[in-house]
2 protein chains.
Amino acid sequence: MKRKPSLEATAAWIRLVRVQTRVLDAVEQDLKKAGFPPLAWYDALLELSRAPTGELRPVELERQMLLPQYSTSRLIDRLVDEGLAARRECKIDKRGQFVEITEAGRELQKKMWGAYSAAIEKHVGSKLSDADAVKLCGLLDRLGCSCSEAQSPAIGEGTSAR
Amino acid sequence: MKRKPSLEATAAWIRLVRVQTRVLDAVEQDLKKAGFPPLAWYDALLELSRAPTGELRPVELERQMLLPQYSTSRLIDRLVDEGLAARRECKIDKRGQFVEITEAGRELQKKMWGAYSAAIEKHVGSKLSDADAVKLCGLLDRLGCSCSEAQSPAIGEGTSAR
DNA sequence: TCAAGATTGATGCAGGTGCATTCAGTGGGG
DNA sequence: CCCCACTGAATGCACCTGCATCAATCTTGA
């Protein structure tokens, strides 16, 4: 239980942190330079747009995005402030609410995917063969803190987390 | 240039972000629960303790840790406030300074490595064979934003970044 | 030698995040 | 039926981060 990690594991850990940080920063930077809001907004909009009715309970959004409750709450505030989503009353549970994506929200999500996918290609796709990408997935999945996610059977967009 | 990423690349990207976030959070949480300061402090102390003279220019620390300048500046503030490091005058360049690790700093770094290495083992080492860890390293290195780092030929401790 | 430009480091401000708490509403057991 | 424990969501506070900017010093080159 208190054993030390192997040098190999430690090296992998260091790479994981450094590389992800760099690549994520680069992608965020690309988005920002293209005049778009941060990735978290995209992820939220994507989740909302994927919901069959275009709306979700904050709790669900929270679970999808692996975000703490207060963080989701404030993210929704910002989306609403920008007219990208709207809070709608939840009749079946008066504590709760629904968050519904607006038309503007859907448009922004689509436009962002253009810039976002280009960034992914630039910083990840172009550096890895598909076969390597699959291997990387497999290895990373093994680290996936037990409680794995179902996660998007859909058209493979979306990031989430943090 | 504007090509879309493959589904494989996108999937890898998503895993990279989500898994790293989870594992990093878990490790930070373990450290915090053991009563230790955040990882960034550890990394800074490690870099300082590795320097032959036990001191570094802030700029160097900044480069080692891939941290923005202001971030390093304030991190040093905190370390100094806690008596883990000290600012020393730099005679050869009066704009600059040296940051020197204190005895307390060295001790904390060592104690933290106990908890930190245990966390690495728990969240990474135990889930990956050494061979897989090596493969993971290889794949991640390929994403390493061109400008690769020399990075610790030493005893393989240390994380840095962000 | 000296002015222009580059480099080192600090800091004010705006915004983001974590934590703990609060408040409203729900639901189950007695 | 009511009380109490629990859940959904918001928020005050402290702290952290990014950005832009500043002041001090160094370097270069005419």
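Note that the structure is a prediction, hence the values are computed from the model and not measured. Any value given below was found using the heavy atoms of this structure, including those in side chains, with hydrogens, waters and symmetry copies removed. Every chain is numbered from 1, with letters handed out A, B, ... down the list of sequences.
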Leu39(A) CG to dT17(C) P: how many Å, rounded?
-> 12 Å

Which heavy-atom pair separates Gly83(B) from Thr102(B) by the least distance, and what is that distance?
-> O-OG1, 2.7 Å

Short side-chain N/O contact from Ser73(A) to OP1 or OP2 of dA10(D), under 4.0 Å = yes

Please state how far atom CG in Asp81(B) lies from atom C1' in dC16(D), giving the value in whole angstrom units.
-> 14 Å

Rounded to whole Å, the CD1-P distance (Ile92(A) to dA9(D)) equals 11 Å

Whole-Å gap separating C1' (dA9(D)) and CZ (Arg88(A)) = 18 Å

Would you call Phe98(B) and Leu56(B) a side-chain contact if the rule is heavy atoms closer than 4.5 Å?
-> no

Nearest to the side chain of Lys94(B) - dT11(C), dA10(D), dC26(D)?
-> dC26(D)

Atom-to-atom span, CZ of Arg74(B) to P of dT8(C) - whole angstrom = 19 Å

Determine: side-chain N/O of Arg78(A) to OP1/OP2 of dG15(C), distance under 4.0 Å, yes or no.
-> no

Counting heavy atoms from C-beta on, name the nucleotide in dG18(D), dG9(C), dG25(C) closest to the side chain of Asp93(A).
-> dG25(C)

Nearest to the side chain of Tyr70(A), which nucleotide is it out of dA10(D), dT11(D), dT17(D)?
-> dT11(D)

Audit row: Leu140(B), Arg18(A), side-chain contact (heavy atoms from CB on, under 4.5 Å) steps and yes/no | CA-CA 9 Å; Leu140(B) 288 173; Arg18(A) 298 184 84 120; over 6 Å; no

With the side chain counted from C-beta on, respond yes when Leu61(A) and Ile76(A) share a heavy-atom pair under 4.5 Å apart, and no when they do not.
-> yes

Return the value, rounded to whole Å, for the distance between atom NZ of Lys91(B) and atom C1' of dT25(D).
-> 17 Å

Walking DNA chain D from its 5' end, the first of Pro68(B) and Glu60(A) to be reached, judged by nearest nucleotide, is Glu60(A)

Dump every N/O contact between nucleotides 1-7 of chain C and the protein below 3.5 Å, one line per pair.
from   : atom 1 : to       : atom 2 : distance (Å)
dT7(C) : O2     : Arg95(B) : NH1    : 2.7

Which of the following nucleotides, dT11(C), dC16(D), dC19(C), is nearest to the side chain of Gln29(B)?
-> dC19(C)

Report yes if the side chains of Leu75(A) and Leu67(A) come closer than 4.5 Å at any heavy-atom pair, otherwise no.
-> yes

Looking at Arg87(B), does any N or O in its side chain come under 4.0 Å of the phosphate oxygens OP1/OP2 on dG9(C)?
-> no

Got a salt bridge between Asp132(A) and Lys127(A), using NZ or NE/NH1/NH2 to carboxylate O under 4.0 Å?
-> no

Could you check how far CG of Leu67(A) sits from P of dA10(D), rounded to whole Å?
-> 14 Å

For Leu75(A) and dG15(C), what is the distance between atoms CG and C1' respectively, to the nearest whole Å?
-> 14 Å

Does any donor-acceptor pair link the side chain of Gln69(B) with the base of dA10(C) at a separation under 3.5 Å?
-> yes

The side chain of Lys32(A) lies closest to which of these nucleotides: dC19(D), dG8(D), dT11(D)?
-> dC19(D)

Partner of Arg15(A) under side chain to side chain contact (heavy atoms under 4.5 Å, CB included), picked from Leu139(B), Asp141(B), Leu136(B), is Asp141(B)

Do Trp113(B) and Tyr42(B) have side chains that get closer than 4.5 Å, going by heavy atoms?
-> yes

Return the nearest nucleotide to the side chain of Arg57(B); candidates are dT17(D), dT8(C), dA10(D).
-> dT8(C)

